[in-house]
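Let me begin by presenting the structure, written as structure tokens, before commenting on it.
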Amino acid sequence: MATLKFTAILTAAGVALMLALPARAAECADMTPGVNPLTVTSGGREYGLNLVLPVSLKPGQRVPLVIGLHPSGGSGASFDQDTGLTAAATAKGFAVMFPDGGVELKSAAGASAHYWNIPGVPLVTGDAVPGNTRDDVRFIADAIDHVVKHSCVDGKRIYVTGFSGGARMTSMVGCRLADRLAAVAPVAGLRAGRAAGPGFSEPDADDCRPLRPLPVLAIHGTADSTNPFPGGGGLRWGYSVERATARWASLDSCSVAPAVEKVSAQVTRVRYSACGAGSEVALYEINAREAEGGGHVWPGGQRDLANRAPPAYLDATQLVLQFFARH
């Protein structure tokens with residue numbers, strides 16, 4: 001009789017414990033290393049995404065997530081192929097996800113090209129974003145919420161990186177979703193809000209109001225002709241990369257002048273370290289001619305826009321992941 005009573009108490013306690021556990025604990029246990037297809041709902045529509053979890057994943061383990069944003073006219077798959085992010089990130093214990101931009105345009109041959117809907121900013125072609133286009137800031141927020149709730153992703157370690165148009169989108173996500181992110185790393189496209197003022201030479205202060213200090217790593221070639229280092233190009237680009245960096249230092253409440261260090265013959269690092277909440281802002285300037293890797297390029301990737309091999313003296317993929325691991 002006593003044994004039965006004791007067993008009943010244990011059973012009841014076990015049921016109570018199971019009911020007390022969050023539902024996502026069981027869902028996390030169901031996730032497996034490798035590719036896990038997901039369906040994310042945003043703006044009343046469903047979108048398929050692949051969440052890639054590291055081989056080292058253990059049942060119930062929470063892992064950091066890197067979201068990679070492709071350049072204008074690209075795709076998540078091609079961006080991963082160009083940068084090698086999946087292999088490098090999962091080897092370090094990160095999960096990865098590569099969504100496609102909400103603007104899809106077809107070439108004459110019927111091929112798809114994706115672009116990001118950056119609020120208030122025209123496409124790289126100069127055209128306005130088509131009407132009824134998906135709100136990409138909301139979509140990324142919804143994707144983050146989904147993977148945190150339904151997978152093994154650690155909601156306190158969400159990172160975003162991107163190249164070119166994807167870097168401009170990464171910057172906007174940093175402005176609007178800083179409370180959900182641990183750090184961002186725009187490559188060849190750092191912004192701090194849309195361009196404003198005479199000649200679009202200043203960031204619009206009202207367009208970037210992050211809710212907390214956010215660590216920012218930027219990499220940019222001084223000979224970049226697509227997103228020029230000194231600025232230009234009207235509303236789509238506008239102010240200089242140096243102005244964008246200084247604006248993020250102000251937003252992060254960095255209290256002292258940056259340290260400037262020559263990392264190599266071609267690379268200079270400008271780093272603000274005394275910033276709010278342990279954040280930092282760092283810019284790696286590639287001081288080289290376009291033909292030598294100082295142009296519009298993901299350093300260490302496959303090819304640049306002119307089909308030239310990117311510089312071997314800086315590996316953006318590894319640099320970005322090291323930065324994320326520190327934050």
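Quick caveat, the model's predicted, so the values are computed rather than measured. Computation of the quantities below employed the complete heavy-atom set of this structure, encompassing side-chain atoms and omitting hydrogens, waters and symmetry-equivalent molecules.
Tracing side-chain contacts under 4.5 Å through hydrophobic residues (I, L, V, M, F, W, Y), one reaches Leu181 starting from Leu69; they form part of the same cluster. In the hydrophobic clustering of this structure, Val63 groups with Val160; members are Ile, Leu, Val, Met, Phe, Trp, Tyr whose side-chain heavy atoms approach within less than 4.5 Å, directly or through other members. Residues Met31 and Val147 are members of one and the same hydrophobic cluster, defined by side-chain heavy-atom contacts under 4.5 angstrom among Ile, Leu, Val, Met, Phe, Trp and Tyr. Note on Phe163: it does not cluster hydrophobically with Leu123, by side-chain heavy-atom contacts below 4.5 Å among ILVMFWY residues. Note on Val263: it clusters hydrophobically with Phe323, by side-chain heavy-atom contacts below 4.5 Å among ILVMFWY residues.
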Could you walk me through whether Leu217 and Tyr284 pass the side-chain contact (heavy atoms from CB on, under 4.5 Å) test, one step at a time? CA-CA 8 Å; Leu217 168 69; Tyr284 283 75; 3.5 Å; yes
Could you walk me through whether Lys262 and Thr268 satisfy the side-chain contact (heavy atoms from CB on, under 4.5 Å) test, starting with their C-alpha distance in whole Å, then the side-chain angles of each, then the deciding distance to 0.1 Å, before giving a yes or no? CA-CA 4 Å; Lys262 198 75 172 175; Thr268 301; 3.5 Å; yes
Run Thr161 and Leu85 through side-chain contact (heavy atoms from CB on, under 4.5 Å) and show every step you take. CA-CA 10 Å; Thr161 187; Leu85 264 169; 4.0 Å; yes
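Qualifying ring pair (Phe, Tyr, Trp, His ring centres under 6.0 Å) partners for Phe229, counting only residues two or more places apart in sequence or in other chains: His220. With sequence neighbours left out, Asp204 forms a side chain to side chain donor-acceptor pair (under 3.5 Å) with no residue at all. Listed by chain and residue number, nothing satisfies the salt bridge (Lys or Arg N to Asp or Glu O under 4.0 Å) test with Glu46 (two or more places apart in sequence, or in another chain). In this structure, Phe98 has no ring pair (Phe, Tyr, Trp, His ring centres under 6.0 Å) partners at least two apart in sequence or on a different chain. For Glu202, the side chain to side chain donor-acceptor pair (under 3.5 Å) test picks out Arg243, with sequence neighbours left out. Residues passing the side chain to side chain donor-acceptor pair (under 3.5 Å) test with Asp206 are Arg209, sequence neighbours excluded. Residues satisfying the side chain to side chain donor-acceptor pair (under 3.5 Å) criterion with Ser72, sequence neighbours excluded, are absent altogether. Among residues two or more places apart in sequence or in another chain, the ring pair (Phe, Tyr, Trp, His ring centres under 6.0 Å) test is passed with Trp116 by His70. Checked against salt bridge (Lys or Arg N to Asp or Glu O under 4.0 Å), Arg236 has no partners two or more places apart in sequence or in another chain.
With contacts defined as side-chain heavy-atom distances shorter than 4.5 Å, the pair Asp136/Met172 does not qualify. Residues Val216 and Pro186 are in side-chain contact: their nearest non-hydrogen atoms beyond the backbone lie under 4.5 Å apart. Considering only heavy atoms from C-beta on, Leu177 comes within 4.5 Å of Val137 through its side chain. A heavy-atom distance below 4.5 Å is found between the side chains of Ile67 and Ile144. With a 4.5 Å cut-off on side-chain heavy atoms, Ile286 and Tyr313 count as touching. Put simply, the side chain of Ser151 does not reach to within 4.5 Å of the side chain of Asn36, judged on heavy atoms.
In this structure, the separation between CG on Asp135 and CG on Asn117 is 6.5 Å, given to the nearest 0.5 Å. Between Lys92 atom NZ and Leu321 atom CG the span is 6.5 Å, to the nearest 0.5 Å. The NE2 atom of His150 sits 9.0 Å away from atom CG of Leu38, with the distance rounded to the nearest 0.5 Å. For the atom pair CZ of Arg45 and CG of Asp142, the computed distance is 13.5 Å after rounding to the nearest 0.5 Å. One distance of note links CG of Leu319 with CD1 of Ile219; it measures 4.5 Å at 0.5 Å rounding. Interatomic distance, CG of Leu49 versus CZ of Phe139, reported as 4.5 Å (0.5 Å rounding).
Ser164 and Trp298 form no side-chain donor-acceptor contact under 3.5 Å, judged by distance and modelled atom types alone.
Considering every non-hydrogen atom in both Arg62 and Val148, the closest pair reads NH1-O, 4.2 Å. Taking each heavy atom of Thr32 and Leu53 in turn, the nearest pair found is O-CD1, 3.5 Å. Taking both residues in full, the closest heavy atoms of Pro213 and Gly276 are given as CB-O, 3.3 Å, listed atom of the first, atom of the second, then distance. Of all the heavy atoms in Ala182 and Tyr159, the pair that sits closest is CB-CE2, 3.4 Å. Between Ala188 and Ala167, the shortest heavy-atom distance links the atoms C-CB, 4.1 Å. Between Pro122 and Arg168 the shortest heavy-atom distance is O-NH1, 4.4 Å.
The hydrophobic cluster containing Phe200 also includes Leu235, under a criterion of side-chain heavy atoms closer than 4.5 Å among ILVMFWY residues, counted directly or through chains of members.
Of the possible donor and acceptor atoms, none in the side chain of Arg269 sits under 3.5 Å from a partner among the backbone N and O of Ala282. Judged by distance alone, the side chain of Asn227 and the main-chain N or O of Ser225 form no donor-acceptor pair under 3.5 Å. For Thr170 (side chain) and Ala185 (main-chain N/O), no donor-acceptor pair under 3.5 Å exists by modelled atom type. Formation of a donor-acceptor pair under 3.5 Å by the Asp80 side chain with backbone atoms of Thr86 is found in this model. Between the side chain of Thr317 and the main chain of Thr83, a donor-acceptor pair closer than 3.5 Å is present. In this structure, Asp252 contributes its side chain and Leu214 its backbone to a donor-acceptor pair below 3.5 Å.
Within the structure, the side chain to side chain donor-acceptor pair (under 3.5 Å) test picks out the following pairs touching residues 172-184 (sequence neighbours left out): Asp145-Arg180, Arg176-Asp207. Residue pairs meeting the disulfide bond (SG atoms under 2.5 Å apart) criterion with at least one partner in residues 253-296, sequence neighbours excluded, are Cys254-Cys275.
Arg191 forms no cation-pi arrangement with Trp248, by the criterion of a distance under 6.0 Å to the ring centre and an angle within 45° of the ring axis. A cation-pi geometry, defined here as NZ or CZ lying under 6.0 Å from the six-membered ring centre and within 45° of its normal, holds between Arg134 and Tyr47.
Under 4.0 Å is where a charged nitrogen must lie from a carboxylate oxygen, and between Arg271 and Glu280 at least one such pair does.
Other residues, nucleotides and ligands contribute at most 12 non-hydrogen atoms within 6.0 Å of the CZ atom of Arg289.
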